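This report refers to the structure that appears directly beneath it.
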Amino acid sequence: MYEGKVEKNLDFRSDTVTWPSPEMRQAAAEAMVGDMGYGEDPSVNELERLAAEKLDKEAGMFVTSGHQGNAVAILAQTGKGDEIILEARSHIYSMEKGHWAVIGSLVPRLIKGVDGFLPSDQVRANIHGSVNEGFRTSLLCNENTNLAAGGTAIPVNQMREMYDTGKELGLQVHTDGARIFNASTALSVDVKEIARQADTVQFCLSKGLAAPVGSMVVGPQDVIDRAKNFRRMLGGNMRQAGIIAAPGIVALTKMVDRLQEDHDNAAYLGQGLEKLGFKLSFPVKTNMVFVDLTSVGWGKEEWVSACAKSGFKTGVRSPERVRLVTHYGIERENLKRLLEDLASII
Ligand SMILES: Cc1ncc(COP(=O)(O)O)c(C=O)c1O
């Protein structure tokens, strides 16, 4: 049976490229199933219960992707014409095709975060004074870990400050926690501590946790009930979804503890690249390494050619910057080989 190794497929583009572990494949094969649309899929129900328990929320729901999870959480906590506060470089604002505008008729108020943190004075400055002005600001979203800040983990005290400010202003607070378990690992806190600083949280099973498909949304029961209607609207009302929920249960119960290995590997990779003369765009905090190519006089072309020679894949973020993400299936020996290849090419 498949061993869970990426082998020659040295794919550093993202943690979304992980393949399911042998245990996940086994779980999928043996999954109990029912009709999720009728609430009768035992594996989905167990996964939803487990997700809510792990993040200490009232209820959980299984969605097809992080994108869908953010969309339904936002739609469930806003009304048409409302304003929502988003970080200017957040995944929700920049990568999700504007579901908040197209489906929600929501107006974004953008704040440039400081390493993902939205300072209280800026949040306050983005709230319209009164309903008579014709706008209602209803939701504040943040993202932890924070991609635009190099995969950094926003500390709990900053998450709390954003939550408290939101609550003081009468807002709901949603956390895009696609990689919330990477955040809790990096901060050495229980994930509940981070989740407590938001009304709703979306997190992905299919990134560092290596499940093949799916994300979870957790929050208060009434919000989750509303979000389920939007999930149906968006085509996420799956049927015998236990086949994909069962690997999600393995992801939550077996894969969280190994995230530290990915972080250690990213730190090792970052140090190795620095020894070769590359500058890193951000300190390595979780499983992401952002490299400034100009520091060795390279551009995108040189990097792409090095990748082609050595057989690894990375995400090219701009003409000068690339991103490497460590994840399940990438091991220390792979990193050593990558660094040796780069050294010989340089
Ligand atoms: C921070 C963040 N939020 C949300 C998503 C969306 O997740 P998905 O690809 O499952 O739709 C991603 C995907 O990479 C992400 O990085």
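Since this is a predicted model, take the numbers as computed values, not measurements. If you read the sequence from its start, that first residue is 1, and numbering goes on from there. The figures here come from the full heavy-atom set of this structure, side chains too, leaving out hydrogens, waters and symmetry mates. One-based numbering, in listed order, for ligands and for the atoms of each.
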Record the part of E96 in heavy-atom contact with ligand 1 below 4.0 Å; permitted values are side chain, backbone, both and neither. side chain
Any idea which part of A178 is under 4.0 Å from ligand 1, heavy-atom wise: side chain, backbone, both or neither? side chain
Would you say the side chains of H263 and N182 form a donor-acceptor pair under 3.5 Å? yes
Salt-bridge criterion met for E46 and R49 (N-O under 4.0 Å): yes
A side-chain contact here means heavy atoms from C-beta on lying under 4.5 Å apart; do Q172 and K167 qualify? yes
Measure from atom 7 (O) of ligand 1 to every heavy atom in K207, E143, Q202 and give the option owning the shortest one. K207
Answer side chain, backbone, both or neither: which part of H67 comes under 4.0 Å from ligand 1, heavy atoms only. both
So which bit of I92 gets within less than 4.0 Å of ligand 1, heavy atoms only: side chain, backbone, both or neither? neither
4.5 Å side-chain heavy-atom contact, H327 and V17: yes
Closest approach of any protein heavy atom to atom 15 (C) of ligand 1, naming residue and atom: H91 CD2, 3.3 Å
Quick one: which ligand 1 atoms are inside 4.0 Å of a heavy atom on N70? 4 (C)
Would you say D341 and K309 make side-chain contact, with heavy atoms under 4.5 Å? no
Report the nearest protein non-hydrogen atom to atom 3 (N) of ligand 1: residue, atom name, distance rounded to 0.1 Å. D176 OD2, 2.6 Å
Any N/O of S206 closer than 3.5 Å to an N/O of ligand 1? no
How does Q68 reach ligand 1, if at all, at less than 4.0 Å between non-hydrogen atoms: by side chain, backbone, both, or neither? neither
Do G66 and ligand 1 have an N or O pair less than 3.5 Å apart? yes
Check whether any side-chain heavy atom of L234 sits under 4.5 Å from a side-chain heavy atom of V63, and report yes or no. no
Under a 4.0 angstrom heavy-atom cut-off, which atoms of ligand 1 come close to S65? 10 (O), 11 (O)
Answer yes or no: is there a side-chain heavy-atom contact under 4.5 Å between T137 and N126? no
Short side-chain donor-acceptor distance under 3.5 Å, Q260 and D264: yes
Side chain proximity check, F117 to M162, heavy atoms < 4.5 angstrom: yes
Is the closest N or O pair between R179 and ligand 1 shorter than 3.5 Å? yes
